[in-house]
Amino acid sequence: MDVTAIIDSLNDAQRQAVSAPSRSMLVLAGAGSGKTRVLVHRIAWLIKIERVSPHNILAVTFTNKAAKEMRGRVEDLLNISARSMWIGTFHGLAHRLLRQHSEEAKLPNTFQVIDSDDQLRLIKRLMKAMNIDDTRWPPKQMVWFINAQKDEGIRASHIQETGDLYQQKQLEIYRAYEDLCKRSGLVDFAELLLLAFETLRDNAELLAFYRNRFQHVHVDEFQDTNTIQYAWLRLLTDGKDNLFVVGDDDQSIYGWRGAKIENMFNFQKQYPNHLLIRLEQNYRSTGNILKASNALIACNEGRMGKELHTDDGDGDLISLYSAFNEQDEAYFVVERIRKWVAEGNSRADAAILYRSNAQSRLFEEKLMATGTPYRVYGGLRFFDRMEIKNALAYLHLTAHKGNDSAFERIINTPTRGIGTKTIDEIRQLAREQQITLWQAMISLMKAGHFTPRAANALKGFVQIINGLAEQSEGAELYQQVKNAIEKSSLIEFYKKEKGDKGEARVENLEELVNAARQFDYEESNEEDQTELDIFLAHAALEAGDAQGDAFEDCVQLMTLHSAKGLEFPLVFMVGLEEGLFPSQQSVDDLARLEEERRLCYVGMTRAMKHLYMTYAESRRLYGKENYPRPSRFLKEIPVEQLQEIRLRASVSKPVTPVKSSKSTMGTSGRYQLGQRVNHEKFGEGVVLQVDGDGAQERVQVNFANAGMKWLMLSYAKLEVL
DNA sequence: TTGTTCCAGCTTTTT
DNA sequence: GCTGGAACAA
């Protein structure tokens with residue numbers, strides 16, 4: 001293969017990044033500037049032109065999807081199998097490292113990965129056992145605290161006691177949780193990263209091995225790395241000048257979960273020999289969308305600096321719609337989508353982006369009412385569903401009787417008459433003797449401790465698990481899964497659940513057998529791991545997609561966060577109101593406000609051709625009527641890039657800084673300019689403008705107490721005075 | 001063990 | 001004002 005195939009399709013900046021002589025590099029890649037492309041082509045370049053063995057390449061991403069895509073694209077481009085190349089998520093790679101070196105990590109080689117849900121349950125149980133008041137120390141906050149510490153590389157033993165009672169209890173919980181996990185061989189997500197870091201740090205030989213192996217280290221979405229992830233990268237690359245990172249400080253939107261945008265600046269200091277390359281040519285959006293986005297993000301301070309441009313035309317102006325209320329907003333958006341579809345476009349090309357999940361409901365209702373298929377992103381993913389986790393818990397417990405969190409989950413699911421009292425007794429013994437719940441249960445049964453009823457129920461449970469263990473001996477993975485679902489009678493249990501909820505659960509369980517059948521455990525080269533173990537770890541680390549049927553042509557609904565990395569020809573950003581976006585919790589803090597602004601930037605740069613931004617003048621929130629101001633972000637967009645949408649007025653006039661006094665007469669003629677009116681919420685006011693007709697007729701009223709408002713006559717109950 | 005009632009909480013999410 | 005979870009009663 002020659003050079004052309006790898007760099008021909010690239011622009012100058014991309015080409016420079018791809019073909020630079022080996023050294024550390026920071027590629028500042030704007031939205032839609034082809035960042036994955038650069039990463040993929042860089043790796044291809046190393047392999048084909050620099051003759052680097054795939055074996056010596058490491059590439060890290062945040063999501064499994066990104067990792068899969070990258071591997072696939074490298075393989076396609078080179079037409080080779082890149083098996084020996086380490087491409088994966090931080091968590092996936094850390095997991096792999098710990099499996100291979102469980103001894104050095106001081107982990108039992110049967111350790112299990114637990115997800116955040118298991119983690120919370122574990123903490124709750126722990127706190128109950130410790131008799132800690134969960135109103136003063138909410139378990140959720142404790143989880144958050146523990147994970148935040150781990151993300152910073154801080155162990156319980158590192159924390160100084162301040163004498164503060166709250167802190168002391170928190171610390172106690174952290175300590176107890178560390179103990180419990182250690183004892184039961186459980187590893188949470190944050191622990192994967194921290195332990196992988198510590199294991200390398202503390203084993204000179206191991207570290208030397210990997211530093212030597214990974215001659216080229218690549219990181220995607222570098223702005224999203226947290227402290228421990230960056231520390232891990234530094235361990236591997238410090239002094240070697242071989243760290244290639246791609247990121248965009250303007251798209252850092254995960255500060256609240258530990259991402260350190262500072263890592264980008266630290267990188268520049270700590271790899272002084274690095275090459276900085278900016279990718280500023282955008283291949284996604286129109287000129288107007290880019291101009292607006294550039295202007296908005298320019299309001300942030302301390303940026304690395306970047307301005308997107310396109311070779312294509314300016315395109316449409318950004319449409320701004322001021323809705324009377326949230327109902328009107330949803331109605332407007334859905335109508336525009338219907339129009340778009342009627343013009344022959346596909347629904348899947350239209351996206352509704354919102355700040356918070358709760359906002360989706362109204363849009364869903366309106367879409368449903370008009371019979372428009374839609375898809376909401378971000379619900380529970382396949383392996384996160386209750387029925388799936390229950391079924392997996394049977395498998396977990398069968399394979400590892402010491403898995404207490406699996407034990408707790410299914411000891412009485414489906415209900416088999418084992419009550420709280422029985423379980424509490426088991427828990428108590430387990431705690432006293434520092435043994436697993438399973439062992440405690442067996443030992444209490446042997447001692448004849450239970451009432452005949454409870455003893456019988458427990459016996460049944462033990463039989464199920466032991467029976468499964470027997471059946472599983474040498475059985476195919478899918479057969480084991482099938483056995484577990486059958487023996488546990490989970491299907492019968494969920495069939496009883498009323499509504500179609502139960503039906504969906506049964507379907508999911510059946511789907512789980514399919515998932516197991518199709519499961520491709522190619523990487524089962526780790527000796528002492530069974531197929532089942534690999535499958536279970538896969539389920540924890542990769543929760544799968546939220547919805548199976550992605551193929552139908554559906555309108556896309558999602559939060560701004562989950563829209564990152566995606567693009568759509570038609571985008572609606574809704575709810576641009578102070579208090580909602582930017583969120584109320586962020587307005588008093590400059591750093592958080594800037595993150596909101598970046599989120600807005602991310603949203604806008606999702607749009608390829610058409611961008612609508614909407615806000616409501618009145619919105620019901622938490623049961624109260626609110627009259628929010630339009631989002632400050634709207635004011636940061638140059639008016640030259642905006643056009644205000646007036647329903648049915650059929651003239652879309654540019655926004656002018658001074659409100660035009662031009663007015664048209666509504667067809668009803670009931671409202672003359674200057675007419676005094678009364679509104680049940682806003683009080684008295686004077687009509688200044690009339691606009692549109694029929695159901696769309698609106699009036700602008702200047703209220704004595706509430707200020708200027710546009711009101712939809714079909715909604716607003718106006719009284720002529 | 002199930003159904004009811006009460007009460008807090010209410011951004012964003014991947015692994 | 002709604003929802004989900006936990007506490008409570010039958």
Side-chain angles (χ1 to χ4, degrees), chain A residues 60-67 88-96 113-121 124 128 134-135 138-141 144 147 150-151 187-194 196 221 224-226 228-229 252-259 353-362 377-381 383-384 386 412-422 453 457 493 496-498 537-546 558-565 575 579-587 592 595-596 598-600 602-603 619-626:
Chain A
V60 199
T61 63
F62 275 87
T63 65
N64 291 298
K65 200 173 142 220
T89 61
F90 279 101
H91 293 86
L93 295 169
H95 177 242
R96 186 167 173 181
V113 180
I114 57 169
D115 64 25
S116 4
D117 187 50
D118 294 330
Q119 190 187 21
L120 181 63
R121 299 161 71 100
K124 276 188 184 159
K128 207 161 242 168
D134 62 1
T135 51
K140 276 203 180 125
Q141 262 179 54
W144 188 86
N147 290 339
K150 291 190 181 185
D151 283 349
V187 175
D188 62 48
F189 289 136
E191 183 74 20
L192 280 172
L193 300 177
L194 177 53
E221 305 276 18
D224 288 338
T225 51
N226 66 26
I228 200 73
Q229 286 160 338
S252 161
I253 56 173
Y254 287 114
W256 52 273
R257 66 173 197 211
L353 310 182
Y354 35 81
R355 176 68 239 264
S356 75
N357 284 307
Q359 287 169 264
S360 78
R361 220 193 67 218
L362 269 170
Y377 281 75
L380 271 190
R381 274 112 27 96
F383 285 110
D384 285 335
M386 181 172 62
N412 198 32
T413 311
T415 42
R416 52 173 69 86
I418 300 171
T420 352
K421 189 160 161 276
T422 309
R453 231 175 74 132
F493 178 62
K496 271 186 269 167
E497 206 169 302
K498 46 193 173 268
H538 165 88
L541 283 166
E542 192 167 345
D545 272 330
M558 67 190 81
T559 62
L560 287 154
H561 280 91
S562 29
K564 192 174 145 202
L580 192 60
F581 188 31
S583 148
Q584 192 56 49
Q585 287 102 309
S586 302
V587 290
R592 296 177 66 174
E595 185 155 308
E596 298 272 326
R598 293 194 289 270
L599 188 58
C600 186
V602 165
R619 179 180 298 273
R620 260 184 117 69
L621 212 61
Y622 307 139
K624 262 211 326 253
E625 206 71 40
N626 283 272

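Chain letters run A, B, ... following the sequence lines, proteins first, then strands; residues in each count from 1.
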Between A/R381 and A/D115, is there a salt bridge with N-O shorter than 4.0 Å?
no
Pick base, sugar-phosphate or nothing for A/D224, based on heavy-atom distances below 4.0 Å to the nucleic acid.
nothing
Out of A/R598, A/R257, A/K564, which one pairs with A/D224 under the salt bridge (charged side-chain N to carboxylate O under 4.0 Å, His left out) rule?
A/K564
Nearest-nucleotide comparison on DNA chain B, the residue closer to the 5′ end among A/H561 and A/E542
A/H561
NE2 on A/H91 to OG1 on A/T63, rounded to 0.5 Å:
12.0 Å
B/dT13 to C/dC2 separation - C1' atoms, rounded to the nearest Å:
23 Å
Does B/dT15 have OP1 or OP2 sitting under 4.0 Å from an N or O in the side chain of A/N147?
no
Syn/anti label of B/dT12 as read from its glycosidic torsion, with the cut at 90° from 0
anti
Candidate nucleotides B/dT13, B/dT15, B/dT11, ranked by approach to the side chain of A/E596 - the nearest
B/dT11
Side chain of A/W256 (C-beta onward), nearest among B/dT2, B/dT11, B/dT13
B/dT13
Report the residue (A/R416 or A/F90) whose heavy-atom-nearest nucleotide on DNA chain B is the more 5′ of the two.
A/R416
Looking only at the side chain of A/N412 (C-beta and beyond, no hydrogens), which of the listed nucleotides B/dT1, B/dT15, B/dT11 gets closest?
B/dT1
Base, sugar-phosphate, or nothing for A/R592, non-hydrogen atoms under 4.0 angstrom?
base
On the 0 to 90° scale, with breaks at 30° and 60°, tag the A/Y254-A/H561 ring pair as parallel, tilted or perpendicular.
tilted
Classify A/F62 by what it touches in the nucleic acid, base, sugar-phosphate, or nothing, heavy-atom distance under 4.0 Å.
sugar-phosphate
Selected nucleotide, minimal atom distance to A/T415 side chain, candidates B/dT2, B/dT11, B/dT13:
B/dT2
Interatomic distance, A/L193 atom CG to A/N147 atom CG [nearest 0.5 angstrom]:
10.0 Å
Would the base of B/dT15 count as contacting A/S116 through its side chain, where contact means a donor and an acceptor less than 3.5 Å apart?
yes
Below the 4.0 Å mark, does B/dC10 have OP1 or OP2 next to a side-chain nitrogen or oxygen of A/S356?
no
Would you mind classifying the nucleic acid contact of A/K564 as base, sugar-phosphate or nothing, using non-hydrogen atoms under 4.0 angstrom?
nothing
Reckon A/Y254 has a side-chain N or O less than 4.0 Å from the OP1 or OP2 of B/dT11?
no
So the contacted stretch of DNA chain C, first to last nucleotide with an atom under 4.0 Å from a non-hydrogen atom of chain A, runs from C/dG1 to C/dA6
When all nucleic acid strands are considered with a 4.0 Å heavy-atom cut-off, which category describes A/N357: base, sugar-phosphate, or nothing?
sugar-phosphate
Using the P atom on both, measure C/dG4 against B/dT11 and round to a whole Å.
15 Å
